[in-house]
Structure formats: C-alpha cells, structure tokens
Amino acid sequence: MSDNLYSLLAAGFPADRGRHAFRPPGGPAVSYGELEQLTARVAAALRGRGVRPGDRVALQVEKSIEAVVIYLATLRIGAVFLPLNAAYTPAEVDYFLRDAEPAVFLQDAQAFLREAADLEPDHGVEPRSASDLAAIIYTSGTTGRSKGAMLTHGALAANALALHSAWGFSRDDVLLHALPIFHVHGLFVALHCAFLSGCPMVWLNRFDEAAVLEGLKGASVMMGVPTFYTRLLAHPGLTREATAHMRLFISGSAPLLESAFVAFEARTGHRILERYGMSEAVIITTNPLDGDRLPGSVGYPLPGVELRIGGGEQTGVIEIRGPSVFLGYWEMPEKTAESFREDGFFITGDVGRLDPDGRLWISGRAKDLIISGGYNVYPKEVELLLDEEPGVRESAVIGAPHPDFGEGVVAVVEGEGDEAALIASLRSRLAGYKTPKRIVFVDALPRNAMGKVQKNLLRQTYGDLFT
Ligand code: AMP
C-alpha cells in the first residue's frame with residue numbers, strides 16, 4: 001500500500017466534491033472537486049517539465065490558492081516540496097537553489113497554472129513509502145547556514161492525524177487561514193487539518209485585522225501566531241459577539257504572552273489553545289481541547305511523542321522522539337548527527353521544564369541563555385517579570401559582551417518607562433546577576449514573518465552597550 005500523503009489528505013475530501021475548499025473573501029470560491037482537477041493538471045505539467053519522484057520542486061511566491069495546488073501536485077507525483085519565503089533576496093534564494101538543486105524553481109504560481117490549463121489531467125498518485133521525503137523546510141537560520149529539515153510522507157501524515165484528532169476537527173468546521181504557507185504552521189498544520197476534515201477554509205492571503213474579524217463570522221477555528229492575537233486585541237472590533245461563531249483559537253510558532261491570553265479571554269470568553277512545534281518535528285505538544293489550557297504552558301506531548309529534559313536537570317534542553325520527527329538536515333550529515341542522541345532523541349535546542357502533571361513550560365532557546373559572571377540567566381524569567389510592569393507591552397532579554405562579567409543582562413522593552421525605576425523594581429525581586437544592567441525602550445521589537453522576536457538582531461544592535 002502506498003503511504004503517499006496526498007492519498008491520505010484526499011481521503012478526507014468530502015464525498016460532495018462541490019463543497020468549498022477555499023473561500024477567499026471577494027473572490028470566487030474553489031471547490032474540492034476543482035482542487036482535485038487542478039492538482040491533476042499541475043501534476044501533468046510538472047511531469048511534463050521532467051520532474052521525477054524524489055526531485056525537488058522549489059516555489060517562491062506570495063501566498064495564493066495556486067501555491068497550495070502546486071504543493072499538492074508535488075506530493076501527487078512523489079516529488080519533494082521546497083517552499084521559500086517570498087521575502088528572501090535573490091542572493092538568499094541562490095543559496096537554497098545551490099543547496100537543494102531543485103528540478104524546477106517556480107516564481108509565478110498563476111503562470112504555472114495557466115501552463116497546466118490545457119493539459120490532460122494526470123489523476124495518478126505516485127506510490128511512496130512512509131520514509132520517502134515529502135518536503136524540505138529551511139529553518140530560519142539565525143546563526144550560520146540555513147538548514148533544510150527533511151520531512152517524510154510518514155512524518156507529516158502522523159502529525160496531521162494526531163492534530164486532527166487532538167483538536168477535534170470535523171466536517172462541520174470552517175478554518176480561518178491567514179498564515180503564510182512557506183512555513184510548517186500555515187502549510188502543514190493548518191492545511192492538513194482542513195483537508196483531513198474536508199472542511200472549507202476562509203482564505204486570506206495575508207493577515208489583516210478587519211478581514212479576520214469579518215472572516216470569523218463564518219469560521220469555527222483559527223490558527224495564528226501570537227502577533228495575530230495581539231493585533232486583534234488592539235482592534236475595537238474584537239468582542240464576544242465577533243467571536244461567537246468560533247469554537248477554537250490556536251496559537252503557536254512563538255511564545256504567547258500570558259497577558260495576551262488573559263486579555264483575549266476577558267474580551268471574547270475564549271481561552272487560546274497554545275501549542276509548540278518546529279520545522280524539524282511539526283507539532284510536538286499541545287494544550288488540551290477538553291481540559292484546562294494554562295497560560296504560559298505549551299501543554300502535553302502529542303500521542304506517540306516521547307519528551308524528556310536532557311542532562312537530568314529540572315530545566316534543560318528539550319529532547320524528543322516520535323513519528324513526526326524529521327529525517328535529518330539536507331546534505332548535512334554532521335549537523336544531523338550532532339542533533340540526535342544515540343538513542344534517537346532529537347535535541348530541539350529549546351529549554352524547558354516538565355511540571356508534575358506532565359505539562360511542558362518553555363523558557364527559551366538554549367542559545368539565548370545568558371552567562372553573566374559565571375551564572376546562568378534564563379531570559380524568560382526576567383521577561384515574565386518585566387512584562388508585568390506598567391508601560392511594558394513585551395520585553396526581550398539578551399546578553400551583551402561585558403568587560404567584567406563576560407555577558408551583562410540587557411532588556412529591550414516594547415513600550416515606555418523609566419530605566420532606573422524599572423531596574424530598581426526588578427532588583428527587588430531578582431538576584432543582582434539576573435537584573436538587567438541596562439533597559440532600552442523601543443517602539444517595536446524586531447520580528448520575523450512568524451512573529452518571532454529576532455534576538456540575534458538585538459544582540460547585534462546592543463552588542464556594544466558595555467564596551
Ligand atoms: P520554526 O522551526 O521556525 O517553526 O521555529 C521553531 C521554534 O519556535 C521552536 O524551536 C521554539 O523555539 C519556537 N516556538 C514554537 N512554538 C512555540 C511556543 N508555543 N512557545 C514558545 N516557543 C515556540
């Protein structure tokens with residue numbers, strides 16, 4: 001039997017193929033039947049361009065329904081999908097193309113679909129085994145070369161099925177999709193849940209508060225990055241009535257501020273379900289659908305995922321093993337070997353702790369750990385205190401080279417306040433070595449497309465504060 005992921009997803013398509021798959025506001029809806037036809041034509045076009053099973057298909061385009069069609073067609077023919085952020089510069093793209101050597105590189109999804117329009121649809125699905133590659137996702141690569149995480153048909157299928165069940169997806173759902181689709185969140189987590197349920201998606205090509213609020217009226221589930229939620233909270237239209245149709249709000253890709261969780265519940269009555277994942281393993285843990293969703297915790301490991309804290313410490317690097325973990329980094333055998341323990345556990349690079357209930361609490365990336373005067377400072381501990389201070393919307397704590405201490409703690413705060421007063425307030429609750437020696441106020445913290453604060457940029461900008 002073939003384990004091609006496309007077959008699994010298509011088995012979820014509704015028997016009534018006239019049902020909508022995509023509902024773009026203001027544009028024509030696309031039915032599941034049309035989606036199937038389009039992917040069959042595009043599969044023929046890819047084959048016509050000489051793409052063979054195992055070949056890479058690279059795509060760098062703005063988000064569109066056509067891009068999803070190309071993704072599904074790539075799966076159908078057993079090729080390997082390689083999405084690239086539209087924001088990458090030609091020099092960056094050049095690196096990915098040299099590294100992954102795709103058989104085709106598409107930068108105009110609409111033109112490619114026009115090329116396919118007159119072709120005889122190819123309804124076949126290439127047989128694949130669970131261990132065959134389905135996609136390569138390049139990590140954002142804040143240090144060194146960006147690495148291509150190799151995800152298999154089996155890994156994506158296992159994760160999709162686990163999430164579909166954990167989050168209670170059904171035919172009756174309508175998913176609001178406003179995420180980018182060059183990243184695992186919008187591409188795999190969101191799309192696969194919708195396809196497995198055969199449910200429609202309110203389809204937004206970009207996040208826009210007003211369009212999302214309008215879309216929520218006809219949706220039941222939304223997946224977002226934390227910045228979606230903070231931006232919705234800043235909009236007066238976010239009310240109990242505006243979200244009355246919704247059953248579930250999910251957040252991930254970056255830490256959700258506890259203040260955002262609390263404010264969202266107060267405004268809408270919904271407790272956001274936070275989950276944790278990464279390109280190398282898709283989703284790893286989730287708060288429960290039924291049961292208490294705790295602000296600040298990313299919940300429990302998904303069924304089948306083994307999770308432990310490395311080094312036998314209470315707080316330490318999170319290691320995982322399970323069906324959705326990637327095969328390794330494309331053409332980087334040494335990096336791959338360094339990233340796995342001998343017993344097969346993948347070293348995530350995130351630091352966290354498990355509480356007695358088995359819930360995971362993440363305290364940041366291992367590489368963001370600060371060592372000041374020989375003592376470890378976990379930025380999250382300081383950030384949580386700062387975020388409670390008046391005038392602070394969000395904070396990012398980093399280490400900057402310091403002549404005495406090796407590194408000195410610096411806090412960069414989105415908001416306004418008085419540096420000396422804030423330092424004094426923190427000092428009353430924190431050991432001296434953990435207390436920021438400097439606090440800098442900014443209008444907005446630098447973030448990537450997924451809303452993650454770019455601490456590497458902050459370290460560059462504030463690297464000479466003490467020297
Ligand atoms: P990426 O591979 O770009 O998806 O980035 C994955 C990283 O995002 C993880 O290793 C975590 O550091 C971070 N991340 C994802 N979800 C969460 C979350 N809910 N809370 C905290 N960090 C998260």
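Indexing begins at 1, ligand by ligand and atom by atom, following the structure's order.
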For this session: Might you work through the salt bridge (charged side-chain N to carboxylate O under 4.0 Å, His left out) test for Glu383 and Lys455, ending with a clear yes or no?
Result: CA-CA 13 Å; Glu383 288 161 4; Lys455 285 198 169 172; 2.7 Å; yes
Exercise. Taking the six-membered ring for Trp, are Phe22 and Trp203 parallel (under 30°), tilted (30 to 60°) or perpendicular (over 60°)?
Worked result: perpendicular
Exercise. Would you call Thr348 a ligand 1 contact, heavy-atom distance under 4.0 Å?
Worked result: no
For this session: Answer yes or no for His185: is there a heavy-atom contact with ligand 1 below 4.0 Å?
Result: no
For this session: State, to 0.1 Å, how close Ile272 and Ser251 come at their nearest heavy-atom pair, and which atoms those are.
Result: CG2-CB, 3.6 Å
Exercise. Can Lys437 be said to sit on top of Phe405's aromatic six-ring, NZ or CZ under 6.0 Å from centre and within 45° of the ring axis?
Worked result: yes
Exercise. What atoms of ligand 1 come within less than 4.0 Å of a heavy atom belonging to Lys452?
Worked result: 1 (P), 3 (O), 4 (O), 5 (O), 6 (C), 7 (C), 8 (O)
Exercise. Hey, are Trp361 and Thr315 close enough side-chain-wise for a donor-acceptor pair under 3.5 Å?
Worked result: no
For this session: Would you indicate which of Ser253, Gly252, Gly296 comes nearest to atom 14 (N) of ligand 1 when only heavy atoms are counted?
Result: Ser253
Exercise. Of the protein's non-hydrogen atoms, which lies at the shortest distance from atom 17 (C) of ligand 1, and what is that distance?
Worked result: Ala254 N, 3.7 Å
Exercise. Near His183, which atoms of ligand 1 are under 4.0 Å from a heavy atom of that residue?
Worked result: 1 (P), 3 (O), 4 (O)
For this session: Describe, in one word, how the ring planes of Tyr138 and Tyr95 are oriented to each other, choosing from parallel (under 30°), tilted (30 to 60°) and perpendicular (over 60°).
Result: perpendicular
Exercise. Hey, is ligand 1 close enough to Ser251 that some N/O pair sits below 3.5 Å?
Worked result: no
Exercise. Looking at residues at least two apart in the chain, or sitting in another chain, which of them share a salt bridge (charged side-chain N to carboxylate O under 4.0 Å, His left out) with Asp350?
Worked result: Arg365
Exercise. Which of parallel (below 30°), tilted (30 to 60°) and perpendicular (above 60°) describes Phe228 and Phe207?
Worked result: parallel
Seminar exercise, completed: Looking only at protein heavy atoms, what sits closest to atom 2 (O) of ligand 1 is Ser279 OG, 2.7 Å
Exercise. Backbone or side chain, does any N or O of Arg275 fall under 3.5 Å from an N or O of ligand 1?
Worked result: yes
Exercise. With a 4.0 Å cut-off on heavy atoms, does Thr139 reach ligand 1?
Worked result: no
Exercise. Can Arg247 be said to sit on top of Phe169's aromatic six-ring, NZ or CZ under 6.0 Å from centre and within 45° of the ring axis?
Worked result: yes
Problem set entry | Backbone or side-chain N or O of Tyr276 under 3.5 Å from ligand 1 N or O | no
Problem set entry | Option with minimal heavy-atom separation from atom 9 (C) of ligand 1, where the choices are Asp368, Val282, Asp350 | Asp350
Problem set entry | Proximal ligand 1 atoms for Glu274, defined as those under 4.0 Å from one of its heavy atoms | 18 (C), 19 (N), 20 (N)
Problem set entry | Nearest candidate to atom 15 (C) of ligand 1, where distance is taken over non-hydrogen atoms, out of Gly277, Ala366, Ala149 | Gly277
